[in-house]
J.: 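Got a structure for you, written out below as structure tokens; questions coming shortly.
In this text, all values refer to a predicted model and were calculated from it rather than measured experimentally. Side chains are part of it too, since the values below use all heavy atoms of this structure and drop only hydrogens, waters and symmetry mates.
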Amino acid sequence: MRGFTNLLFNQKFLWLQILVALTLGVCIGLALSPKGAALLGQQDAEQVAQWVALPGKLFLALIQMVVIPLVMSSIILGIAGNQDTQFLRKVGVRIFPYFVVTTIISVTLGVLVVSLFNPGFYVDSQLLTNLGVSTSLVSSEPATTMSIPERVAAMIPANFTQSTLDKDMFAVVMYAGFIGVALTTLVVKQKLLLLDLTQAVQSLSLKVVNWAMHPGQDHELYLDINL
């Protein structure tokens, strides 16, 4: 039993943890759901579902809180931390076609999967409403068409704050890329100062991610805060 427990909580077997969590989620859902074994009434099942969903919501909130500073700091350090600008130019020329091709493949697969399986079609909207998930209908108004020059210009994030509020990760990546390239042109003293600051932001973001992934490992910090 101890061997199975150590195997289950081993970081190298994250796939096993995901499968076990999915299986437990399905079993608990079938046992408590009024449309399953109905061990609880509808109202009681909805209350239990909210508490069961709480750890997942907290985990996602912590990750979403630091995803933008983590992505930005990682990209900036990856670009500006390299001393060889010629190497960066060669890598950029090679990565851009790869990025475009993989994006096209991802979008194509996403459209095909949605068209074949209709995800969310069989989900009870009333249950989602009780869990606090918005179920409002999406407007079917035709999207405004943009010309190719307008689309190219829109790739440049004119307002970083607005891009952050809109959770436009492509704009965040572009913004971080421009900052990283600009840092490579600064004098060494200014560059090192900004790189140290960016490194600190990345370390802080990774620390929050570590709290979310392994909340029990920082019990001393929690104890100090409580005291």
J.: How about Gln43 and Glu46: does a side-chain donor come under 3.5 Å of a side-chain acceptor?
T.: no
J.: Verify the cluster assignment for Leu204 and Val71: are they in a single hydrophobic cluster under the rule of side-chain heavy atoms below 4.5 Å apart?
T.: no
J.: Can a donor-acceptor pair be found, under 3.5 Å and without considering hydrogens, that links the side chain of Lys57 to the backbone of Gln50?
T.: no
J.: For residues Met169 and Ile75: do they belong to one hydrophobic cluster (side chain heavy atoms under 4.5 Å, members Ile, Leu, Val, Met, Phe, Trp, Tyr)?
T.: yes
J.: I would like to know whether Val48 and Val52 meet side chain to side chain contact (heavy atoms under 4.5 Å, CB included); could you show each step before the answer?
T.: CA-CA 6 Å; Val48 172; Val52 172; 4.0 Å; yes
J.: Is it the case that one hydrophobic cluster holds both Leu77 and Val67, taking links as side-chain heavy atoms less than 4.5 Å apart, direct or via other members?
T.: yes
J.: Other hydrophobic cluster members with Leu54, side-chain heavy atoms of Ile/Leu/Val/Met/Phe/Trp/Tyr under 4.5 Å, chained?
T.: Trp51, Leu58
J.: Kindly work out whether a path of hydrophobic side-chain contacts (I/L/V/M/F/W/Y, heavy atoms less than 4.5 Å apart) joins Leu194 to Val201.
T.: no
J.: Closer than 3.5 angstrom, by distance alone: can the side chain of Asn159 be matched with the main-chain N or O of Thr161 as a donor-acceptor pair?
T.: yes
J.: To the nearest 0.5 Å, how far apart are OH in Tyr175 and CD1 in Ile68?
T.: 12.5 Å
J.: Would Ser73 and Gln199 count as a side-chain hydrogen bond (donor to acceptor under 3.5 Å, both in side chains) here? Give the steps.
T.: CA-CA 7 Å; Ser73 59; Gln199 181 69 51; over 6 Å; no
J.: Can you name the nearest heavy-atom pair linking Ala212 to Ile63, along with the distance?
T.: CB-CD1, 4.0 Å
J.: As an exercise, state the distance from CE of Met174 to CZ of Phe160, rounded to the nearest 0.5 Å.
T.: 13.5 Å
J.: Would Val26 and Leu32 show up in the same hydrophobic cluster when neighbours are defined by side-chain heavy atoms closer than 4.5 Å?
T.: no
J.: Write down the atom of Pro69, the atom of Ser205, and the distance for their closest heavy-atom approach.
T.: CB-OG, 3.8 Å
J.: For residues Thr184 and Ala80, report the shortest heavy-atom separation together with the two atoms involved.
T.: CG2-CA, 3.8 Å
J.: Crowded around Phe99 CZ? As in, over 12 foreign heavy atoms under 6.0 Å?
T.: no
J.: Work out which heavy atom in Val181 is nearest to a heavy atom in Ile79; give both atom names and the distance.
T.: N-CG2, 3.8 Å
J.: Provide the closest heavy-atom pair for Ser163 versus Pro157 in the form atom of the first, atom of the second, distance.
T.: OG-CB, 4.1 Å
J.: Can you tell me how far CD1 of Ile156 sits from CZ of Phe178, rounded to the nearest 0.5 angstrom?
T.: 3.5 Å
J.: Check whether any side-chain heavy atom of Leu186 lies under 4.5 Å from a side-chain heavy atom of Leu183, and answer yes or no.
T.: yes
J.: Pairs of donor and acceptor atoms involving the side chains of residues 104-111, under 3.5 Å and at least two apart or interchain, shall be tabulated with distances.
T.:
from: Ser106; atom 1: OG; to: Thr102; atom 2: O; distance (Å): 2.8
from: Thr108; atom 1: OG1; to: Ile104; atom 2: O; distance (Å): 2.7

J.: Is there side-chain contact between Leu193 and Leu197, with heavy atoms separated by less than 4.5 Å?
T.: no
J.: Taking side chain as C-beta onward, heavy atoms only, is Ile179 less than 4.5 Å from Met72?
T.: yes
